[in-house]
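Report on one structure; see the data block that follows.
In each ligand, atom 1 is the first atom listed, and ligand 1 is the first ligand listed.
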Amino acid sequence: MGASHSHRNKHCHSHQSPINICTKKARHDPILKPLNIQYDSKTSKRIVNMGHCFNVEFDDTADMSVINDGPLTGKYRLRQFHFHWGSTDADGSEHVIDGKVYPAELHIVHWNSHRYPTFEEAAKHPDGLAVIGVLLKIGEKNPVLQTIIDNLGQVKTKGKEHMLIKYELSSMLPKDLNYWTYPGSLTTEPYFECVTWIVLQHAIPISSAQLTQFRGLLCTAENEKPVPILENHRRVQRLHDRVARSSCT
Ligand SMILES: NS(=O)(=O)c1ccc(S(=O)(=O)c2ccccc2)s1
Ligand SMILES: [Zn+2]
């Protein structure tokens, strides 16, 4: 969709996500720090079928699981993570790297508890959220992901939720935390332009059989005719006046 023009002729939808990241144009910015991730497995709460995806939710009533540094100022509190996937392994990621699409993408959502009192308030500001995007590539079976997949049977239909105790989210991340960063938006309704995107440069593996199980989730409620969530990824958006920066040369 084209950017709409307000009376000031200032695009008010020009910082949308996802984007295609041209790695050659994503210059190294020496001011960028290494990403500092401190997740406490005790904060994992539950897995919920949202209808268009499933969220793994965390206790964000205090700064227990947080990220800081990287492109960020202050601490951002872990709220939830979720995935985007496609109807086949040929597409599914939201961010695209030099035109290359990946079969899925993990989004780890954090909010600026340093500056805003609540998640809802943070979502109204450009520096309100920080989402770490991790690309998934087809490879060997991922044991950390398997813990999540083993629970999908309990949240098959829309609205269902199931407890998830002591989930070690940090063990899902690659060792190499180098990233690209750019200012963007939520990739689903309400598309707020409130996200500092931090897209990791290293992909993590998922097996094709594991990815197939994501597609077995239903977007329909228990009493409805079953409709699977075959895909839930948004197409890439225009960059406009934005620049993606790299944490390394
Ligand atoms: N795919 S994404 O990571 O960009 C994303 C979309 C929606 C969310 S949210 O549910 O956290 C949320 C955040 C703010 C307002 C409403 C929902 S995160
Ligand atoms: Zn997402």
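- No side-chain donor-acceptor contact under 3.5 Å links His15 and His240.
- Ring planes of Phe83 and Phe214: tilted class, angle from 30 to 60°.
- In this structure, Ile198 CD1 and Ile37 CD1 are separated by 8.0 Å, a value rounded to the nearest 0.5 Å.
- Only one option out of Arg234, His84, His233, Arg235 pairs with Glu94 in a side-chain hydrogen bond (donor to acceptor under 3.5 Å, both in side chains); it is His84.
- Distances from the Zn ion (ligand 2) show that His82 has an N/O/S atom below 2.8 Å.
- Atom CD of Glu222 has 12 or fewer heavy atoms from other residues, nucleotides or ligands within 6.0 Å.
- Side-chain contact annotation: Ser208 with Asp89, donor-acceptor N/O pair under 3.5 Å present.
- Close approach of ligand 1 to Pro190 (heavy-atom distance below 4.0 Å) involves ligand atoms 16 (C).
- The shortest contact between atom 3 (O) of ligand 1 and any protein heavy atom is with His82 CE1, 3.3 Å.
- Counting heavy atoms closer than 4.0 Å to ligand 1, residue Phe81 contributes nothing at all.
- Nearest protein heavy-atom neighbour of atom 15 (C) of ligand 1: Leu186 CD1, 3.8 Å.
- A continuous path of ILVMFWY side-chain contacts below 4.5 Å connects Val56 to Leu78, so both sit in one hydrophobic cluster.
- Near Gln80, meaning under 4.0 Å from any of its heavy atoms, are these atoms of ligand 1: 9 (S), 10 (O), 11 (O).
- Note that Arg242 lies outside the cation-pi zone of Tyr182, set by a 6.0 Å cut-off to the ring centre and a 45° limit from the axis.
- Scanning Phe192, Tyr191, Phe119 for the heavy atom closest to atom 13 (C) of ligand 1 points to Phe119.
- Those atoms of ligand 1 with a heavy atom of His84 less than 4.0 angstrom away are 1 (N).
- Not a single heavy atom of Trp111 sits under 4.0 Å from any atom of ligand 1.
- The N/O atoms of Thr187, backbone and side chain alike, include one that comes under 3.5 Å of an N/O atom in ligand 1.
- Looking at His107, its N, O or S atom nearest to the Zn ion (ligand 2) turns out to be ND1.
- Every atom of ligand 1 is numbered from 1 in the order shown, and the set under 4.0 Å from a heavy atom of Thr188 is 6 (C), 7 (C).
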